[in-house]
Protein chains: 2
Amino acid sequence: MPRVGLSTAQVVSTASALIDEVGVDKLTLARIAKHLNVQLPSLYKHISSLQDLHERLVVAAQHELLGTMKNAAVGRSGMQALLALAASAREWGVAHPGRYSITLAAAHTPGDGSEEMLEFTLRILESFNLTGDDAIDAARMLRATLHGFISLETRGGFGLPADVDRSFQRAMQGLGNQFSAWS
Amino acid sequence: MPRVGLSTAQVVSTASALIDEVGVDKLTLARIAKHLNVQLPSLYKHISSLQDLHERLVVAAQHELLGTMKNAAVGRSGMQALLALAASAREWGVAHPGRYSITLAAAHTPGDGSEEMLEFTLRILESFNLTGDDAIDAARMLRATLHGFISLETRGGFGLPADVDRSFQRAMQGLGNQFSAWS
DNA sequence: GCCCTAATGCTAATACTATTAGCTTTTAAT
DNA sequence: ATTAAAAGCTAATAGTATTAGCATTAGGGC
């Protein structure tokens with residue numbers, strides 16, 4: 001039996017691809033194993049349990065999303081940064097609905113990207129001259145609006161197909177205007 | 001064996017309670033059956049499958065949430081209606097995290113509450129003098145912000161406990177202000 | 001080049017899950 | 001009272017995650 005040379009990273013990677021295809025609730029070890037041409041129990045040499053795999057998926061997805069947003073925001077500030085980061089997050093979420101759906105992990109697992117996300121968001125808001133409690137309020141509103149929009153879109157919550165792009169653009173523009181005038 | 005007098009409504013009801021306690025992913029037919037003092041296969045006399053039960057749970061949760069919001073908005077308009085509906089939705093979501101988490105169903109199942117939700121939202125926005133495409137954009141932004149906020153809160157997305165009430169109030173107030181000045 | 005060790009992938013077994021079939025008993029309507 | 005439908009049961013099946021134990025392979029030190 002020729003050894004295939006598996007690794008934890010490979011298992012996480014194919015699992016990530018699978019949840020985008022079949023949905024996170026239909027991710028099964030058998031499916032992953034078949035994709036990797038391996039027997040199911042062999043996966044346990046690289047992950048300790050399904051929950052372990054889930055946690056790894058969450059952390060990976062969070063960092064992918066965060067990296068995408070940071071990339072989009074580099075070299076920009078204020079409204080330009082906000083619009084760029086928002087568009088990139090939405091684009092990534094739509095392209096990877098399964099991965100996106102797990103970016104809000106319940107428990108703070110080790111390696112969690114939520115603190116980094118908060119720092120990043122606050123940094124962006126600094127360019128709106130927002131600090132302290134004002135910045136926290138703004139960060140929460142930004143994250144809520146962005147996450148809510150992407151969630152609704154990827155889960156088919158927008159019944160009418162009426163120009164979702166325009167609705168998104170308008171929402172983010174409005175958000176930025178508010179931040180600019182945040183007394 | 002004394003018959004216990006089960007019904008579909010009872011099964012859905014206890015399942016609803018259970019997903020708030022243990023989480024929707026840990027809802028199991030065995031758990032429901034034990035709660036109802038019944039053997040597991042007996043449930044199939046009232047539901048046709050686990051997926052069937054899930055669809056019923058979604059519809060029930062959607063209507064509970066919608067009813068709560070409508071109740072809060074009755075007799076109010078404009079900003080007052082918005083703040084009341086938003087607060088009631090958040091309160092219900094925090095009190096019923098499992099139920100809330102399924103209110104965004106992927107497929108439009110029969111009896112779905114999403115159309116009714118859209119009509120309700122548009123009615124509220126009429127009192128902001130918003131109609132047509134403007135109203136659709138506003139409805140999407142309202143739903144996104146509200147859903148995003150409740151999702152983040154119920155899933156522990158707000159690391160800092162710094163006065164979430166105030167952040168919410170401020171977000172909703174800002175939303176209403178935008179709707180009032182929506183050119 | 002060889003040997004030992006650790007890691008890799010396997011088969012087999014276990015305890016859970018949902019689901020179906022078939023039976024018995026109860027309920028309710030005629 | 002009789003009958004027919006429905007309710008709940010036990011038993012069986014296929015699929016799930018997980019563990020134990022075995023064989024083989026790969027790599028490092030001599």
Side-chain angles (χ1 to χ4, degrees), chain A residues 1-61 98-99 101-102 105-107 109-110, chain B residues 1-61 98-99 101-102 105-107 109-110:
Chain A
M1 44 214 83
R3 202 161 293 192
V4 66
L6 227 47
S7 72
T8 304
Q10 259 182 67
V11 174
V12 173
S13 166
T14 71
S16 287
L18 277 176
I19 60 177
D20 286 334
E21 287 176 26
V22 304
V24 60
D25 50 316
K26 287 195 181 102
L27 176 71
T28 174
L29 292 183
R31 209 165 220 150
I32 301 172
K34 177 169 267 182
H35 241 254
L36 291 167
N37 289 315
V38 126
Q39 291 306 106
L40 190 156
S42 306
L43 299 175
Y44 282 86
K45 286 288 151 72
H46 303 98
I47 58 171
S48 64
S49 69
L50 182 63
Q51 185 180 345
D52 172 41
L53 174 60
H54 270 130
E55 288 169 6
R56 290 175 191 275
L57 286 173
V58 167
V59 171
R99 283 190 255 244
S101 69
I102 61 169
T109 48
Chain B
M1 45 212 84
R3 201 162 292 191
V4 66
L6 228 46
S7 71
T8 303
Q10 259 181 66
V11 174
V12 173
S13 166
T14 73
S16 287
L18 277 176
I19 61 177
D20 287 333
E21 287 176 26
V22 304
V24 59
D25 50 316
K26 288 196 181 101
L27 177 70
T28 173
L29 291 183
R31 209 165 220 150
I32 302 172
K34 177 169 269 183
H35 241 254
L36 291 168
N37 291 314
V38 129
Q39 291 307 106
L40 191 154
S42 305
L43 298 175
Y44 283 85
K45 287 289 151 73
H46 306 282
I47 57 171
S48 64
S49 71
L50 183 63
Q51 185 180 345
D52 172 40
L53 174 60
H54 270 130
E55 289 170 5
R56 290 174 191 274
L57 285 173
V58 168
V59 172
R99 283 188 254 241
S101 70
I102 60 170
T109 48

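Order of the sequence lines fixes the chain letters, A, B, ..., with proteins taken first and strands second; residue numbering starts at 1 for each chain.
- Applying the side chain to side chain contact (heavy atoms under 4.5 Å, CB included) test to B:Q10 and every residue at least two apart in sequence or in another chain returns B:L6, B:S7, B:L36.
- For the pair B:H46 and D:dG8, the criterion of a side-chain N or O lying under 4.0 Å from OP1 or OP2 is met.
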| How does each nucleotide of nucleotides 11-20 of chain C score, in 5' to 3' order, for protein heavy atoms under 4.0 Å: base (B), sugar-phosphate only (S), or none (-)? | BB----SSBB
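- Remark: C1' of D:dA7 and CG of B:N37 are 16 Å apart, rounded to the nearest angstrom.
- Nucleotide D:dT16 holds its P atom 13 Å from the NZ atom of A:K26, rounded to whole Å.
- Legend: salt bridge (Lys or Arg N to Asp or Glu O under 4.0 Å) pairs involving residues 13-28 of chain A, not counting sequence neighbours, sorted by first then second residue: A:D20-A:R99.
- When the C1' atom of C:dG9 is taken as reference, atom CD of A:Q10 falls 14 Å away, rounded to whole Å.
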| task | Walk me through it: do B:I32 and B:L29 pass the test side chain to side chain contact (heavy atoms under 4.5 Å, CB included)? | result | CA-CA 5 Å; B:I32 302 172; B:L29 291 183; 4.2 Å; yes
| query | Under the side chain to side chain contact (heavy atoms under 4.5 Å, CB included) criterion, do A:L43 and A:L53 qualify, and how do the steps go? | reply | CA-CA 10 Å; A:L43 299 175; A:L53 174 60; over 6 Å; no
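- Of all heavy-atom pairs spanning B:I19 and B:S16, the tightest one is CG1-O, 3.1 Å.
- As a whole-Å value, the separation of A:L6 CG from D:dA26 P is 14 Å.
- Atom pair B:L36:CG and D:dG8:P shows a separation of 10 Å (rounding to whole Å applied).
- Nucleotide D:dT16 holds its P atom 12 Å from the CD1 atom of A:I32, rounded to whole Å.
- When the C1' atom of C:dA21 is taken as reference, atom NZ of B:K45 falls 10 Å away, rounded to whole Å.
- Closest non-hydrogen pair, A:V24 versus A:S101, comes out as CG1-OG, 4.2 Å.
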